K.L.:
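Here you go, one structure.
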Amino acid sequence: MYINKSIRISLLSLLALAMSSCGGNSNKESLAEKADCNIEEYENSEVNAIEQARPQIMIIPADQTLKSFGSLKKKTLGGREFIERNYQRYIVKDDRFRRISSFIQDAFVKQNYPLADFEQTLKLLDTQSATDIADGIQTDAKTQLLQTARPDIILELNYYKSSSLTSHDYKRKNVSYTLSAIDAYTTNVVATITESNMKTESTTEVIQNSLAQKLPELMSDIQQYYSDILKRGREVSLRITVEGGSNQDLSDESINGDVYSDWIIDYVKTHTVRGAYKMGRNTAKELTFTSARIKLLNDDGTQYGVYDWARDLQKSIRKNLGLKVSNKSQGLGEIVLSVKGM
């Protein structure tokens, strides 16, 4: 079909304008900035864009919901109180969670979010006996779950129902729910959806109808939060300790004349995003940092995680200070390194 020259030029001009406004000719934009532009162009870029720029989501039941179904209890060990979560029991007792979480998952899948499936992860834990994840240190079920799936954002669902005192229809209930988006690495609450006293005969249906209206705004809040992480780095805590019985102190000097703790502080300064961190304890036996921001991506756009950062620090300590170091980390956003000695 013939298109006259002026129309063709106009179309080309509009295309060029769209590309320039979306960073089409710039290689200097961050991945997060590119994600805000044309999604088709972004998907076809040199980086696996969607997988990198969208946070991985996992939907889990909140503690209050677990408790309502007899799947959470508190235990005291050594004078300390612990929470024991039994997710397997909960899945058997609450069939609504599967339907509601599937509804939420479908909504996120349509927006190209990667998902970690709650039930599939539980099955993986069963087959792999995941209590050995932390080198024989037993962890609670939630920690095991997150260590295995490693989501960026967890969506904690809490819902409950009660009889409607104002209705003569015994089938109608008052239903309330909360869906909280939480940073799996810092436990910061990113965004929350909540609805109270919805009168209905179907708990699942009324929650799904409410979510259909509220999920788009939640997704927007999540994406804004994650884009900020891509630009400014992910927050982690770092703790370096000296094992009991070791003949080394962090205040000792290496063969090159570097004080161990000073060398580690300098490393953290130069390997965090814009040197962002807060200094904590600095003693002969312990060195701690909080709010240390580490990059999520390598220069070529491939993923770079907390484990990668911890491994690089371990290797550098061994190479430059001659110390044997083991990784004792358990939480996703927590790095714990233990110095054994020379």
Side-chain angles (χ1 to χ4, degrees), residues 23 26-36 47 52-53 55 150 152-153 182-190 222-242 248-323 325-339:
S26 172
N27 293 322
K28 295 182 179 180
E29 279 186 307
S30 71
L31 196 61
E33 288 168 332
K34 290 182 180 179
D36 291 334
V47 176
Q52 304 286 6
R150 296 188 176 275
D152 297 296
I153 302 291
I182 301 170
D183 186 329
Y185 287 77
T186 65
T187 70
N188 291 335
V189 177
V190 177
I222 289 173
Q223 192 58 42
Q224 184 177 354
Y225 177 85
Y226 194 67
S227 294
D228 180 70
I229 290 178
L230 284 170
K231 294 174 183 176
R232 298 174 58 213
R234 166 168 279 148
E235 280 193 27
V236 298
S237 64
L238 170 63
R239 181 171 176 244
I240 299 175
T241 63
V242 177
Q248 298 292 324
D249 283 337
L250 294 175
S251 56
D252 292 341
E253 292 186 0
S254 69
I255 56 174
N256 295 323
D258 294 317
V259 174
Y260 296 141
S261 59
D262 290 345
W263 186 95
I264 293 169
I265 292 170
D266 288 341
Y267 182 95
V268 173
K269 283 180 182 178
T270 56
H271 290 80
T272 48
V273 178
R274 296 186 179 181
Y277 69 91
K278 293 181 181 177
M279 190 75 201
R281 291 174 59 83
N282 184 358
T283 69
K285 298 295 184 183
E286 184 179 26
L287 188 59
T288 65
F289 304 83
T290 60
S291 302
R293 287 189 173 267
I294 65 173
K295 65 180 183 179
L296 271 72
L297 302 172
N298 291 308
D299 292 339
D300 62 358
T302 55
Q303 293 184 6
Y304 184 85
V306 177
Y307 174 80
D308 299 311
W309 196 92
R311 181 186 58 189
D312 287 345
L313 175 56
Q314 277 182 275
K315 290 165 66 175
S316 293
I317 289 176
R318 289 170 186 157
K319 178 180 178 180
N320 294 281
L321 301 182
L323 296 175
V325 182
S326 59
N327 191 336
K328 301 291 186 180
S329 306
Q330 293 190 50
L332 288 183
E334 172 194 46
I335 299 172
V336 180
L337 300 183
S338 180
V339 177

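This chain uses plain numbering: 1 for the first residue, then up along the sequence. Treat the numbers as computed from the prediction; the structure is a model and nothing was measured.
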K.L.:
List the atom of Val242, the atom of Gln248, and the distance in Å for their closest heavy-atom pair.
P.N.:
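Minimum heavy-atom contact is CG1-O, 3.2 Å.
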K.L.:
Tell me, do Tyr307 and Ser329 make a side-chain contact under 4.5 Å, heavy atoms counted?
P.N.:
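In short, these two side chains do not touch, never coming nearer than 4.5 Å.
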K.L.:
Are Glu235 and Thr290 side-chain neighbours, meaning at least one heavy-atom pair lies under 4.5 Å?
P.N.:
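No, their side chains stay 4.5 Å or more apart.
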K.L.:
With a 6.0 Å cut-off (strictly less than), is the heavy-atom count around CD of Gln224, excluding the residue itself, greater than 12?
P.N.:
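Not more than 12 within 6.0 Å, no.
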K.L.:
List the residues meeting side-chain hydrogen bond (donor to acceptor under 3.5 Å, both in side chains) with Gln314, not counting sequence neighbours, and say none if there are none.
P.N.:
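Applying side-chain hydrogen bond (donor to acceptor under 3.5 Å, both in side chains) to Gln314 gives none.
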K.L.:
Consider side-chain contact (heavy atoms from CB on, under 4.5 Å). Of Ile153, Ile229, Val306, which one does Tyr185 pass it with?
P.N.:
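Result for side-chain contact (heavy atoms from CB on, under 4.5 Å) with Tyr185: Val306.
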K.L.:
Tell me the closest heavy-atom pair linking Ser261 and Leu287, and the distance in Å.
P.N.:
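Looking at all heavy atoms of both residues, the closest pair is O-CD2, 3.9 Å.
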K.L.:
To the nearest 0.5 Å, what is the distance between CG on Leu250 and CD1 on Ile265?
P.N.:
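The distance works out to 9.5 Å.
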K.L.:
Kindly write out the residues that satisfy salt bridge (Lys or Arg N to Asp or Glu O under 4.0 Å) with Glu286, not counting sequence neighbours, or none if the list is empty.
P.N.:
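Per chain and number, Glu286 pairs via salt bridge (Lys or Arg N to Asp or Glu O under 4.0 Å) with Arg239, Arg281.
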K.L.:
Roughly how far, to the nearest 0.5 Å, is CG of Leu323 from CD1 of Ile264?
P.N.:
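With rounding to 0.5 Å, CD1 (Ile264) is 7.5 Å from CG (Leu323).
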K.L.:
Run the ring pair (Phe, Tyr, Trp, His ring centres under 6.0 Å) test against Phe289 and tell me which residues pass, sequence neighbours left out.
P.N.:
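Ring pair (Phe, Tyr, Trp, His ring centres under 6.0 Å) list for Phe289, sorted by chain: Tyr277.
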K.L.:
Minimum heavy-atom separation for Tyr226 to Arg234, with atom names?
P.N.:
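Residues Tyr226 and Arg234, closest heavy atoms: CE1-NH2, 3.9 Å.
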K.L.:
Ignoring hydrogens, what is the shortest heavy-atom contact between Ile335 and Ala310? Give both atom names and the distance.
P.N.:
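Smallest heavy-atom distance, with atoms named: CG2-CB, 3.7 Å.
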K.L.:
Sequence neighbours left out, what passes side-chain hydrogen bond (donor to acceptor under 3.5 Å, both in side chains) with Thr186? Give chain and number order.
P.N.:
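Thr186 satisfies side-chain hydrogen bond (donor to acceptor under 3.5 Å, both in side chains) with Asp183, Asn188 only.
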K.L.:
Please identify each residue that fulfils salt bridge (Lys or Arg N to Asp or Glu O under 4.0 Å) with Asp312, with sequence neighbours left out.
P.N.:
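Asp312: no salt bridge (Lys or Arg N to Asp or Glu O under 4.0 Å) contacts found.
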K.L.:
For Ala284, which residues count as a side-chain contact (heavy atoms from CB on, under 4.5 Å) partner, sequence neighbours excluded?
P.N.:
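Ala284 satisfies side-chain contact (heavy atoms from CB on, under 4.5 Å) with Asp249, Ser251 only.
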K.L.:
Heavy atoms only: give me the nearest Pro55-Ile222 pair and the separation to one decimal.
P.N.:
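Taking every non-hydrogen atom into account, CG-CG2, 3.8 Å.
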K.L.:
Below 4.5 Å, heavy atoms only, C-beta onward: do Gln330 and Val336 meet side chain to side chain?
P.N.:
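SC-SC contact between Gln330 and Val336 ruled out.
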K.L.:
What's the separation between atom CG in Leu313 and atom CZ in Arg318, rounded to the nearest 0.5 Å?
P.N.:
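One gets 10.0 Å once the value is rounded to the nearest 0.5 Å.
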K.L.:
For Asn298, check side-chain hydrogen bond (donor to acceptor under 3.5 Å, both in side chains) against everything at least two apart and list the hits.
P.N.:
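Thr302.
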K.L.:
Can you name the closest pair of heavy atoms from Val273 and Lys231 and give their distance?
P.N.:
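Heavy atoms only, the tightest pair is CG1-O, 4.2 Å.
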K.L.:
Are Ile317 and Trp263 close enough that some pair of their side-chain heavy atoms sits under 4.5 Å apart?
P.N.:
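Yes - at least one pair of side-chain heavy atoms lies under 4.5 Å apart.
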K.L.:
Would you say Leu238 and Trp309 make side-chain contact, with heavy atoms under 4.5 Å?
P.N.:
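Contact flag for Leu238/Trp309 side chains = yes.
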K.L.:
Restricting to salt bridge (Lys or Arg N to Asp or Glu O under 4.0 Å), what partner residues turn up for Asp308, sequence neighbours left out?
P.N.:
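Listed in chain order: Arg311.
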K.L.:
Without hydrogens or angle criteria, can the side chains of Ser254 and Asn256 be said to hold a donor-acceptor pair below 3.5 Å?
P.N.:
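On atom types as modelled, these side chains do not qualify, holding no pair under 3.5 Å.
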K.L.:
For residues 255-278, pull every pair meeting salt bridge (Lys or Arg N to Asp or Glu O under 4.0 Å), keeping only residues two or more places apart or in separate chains.
P.N.:
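Matches after skipping sequence neighbours: none remain.
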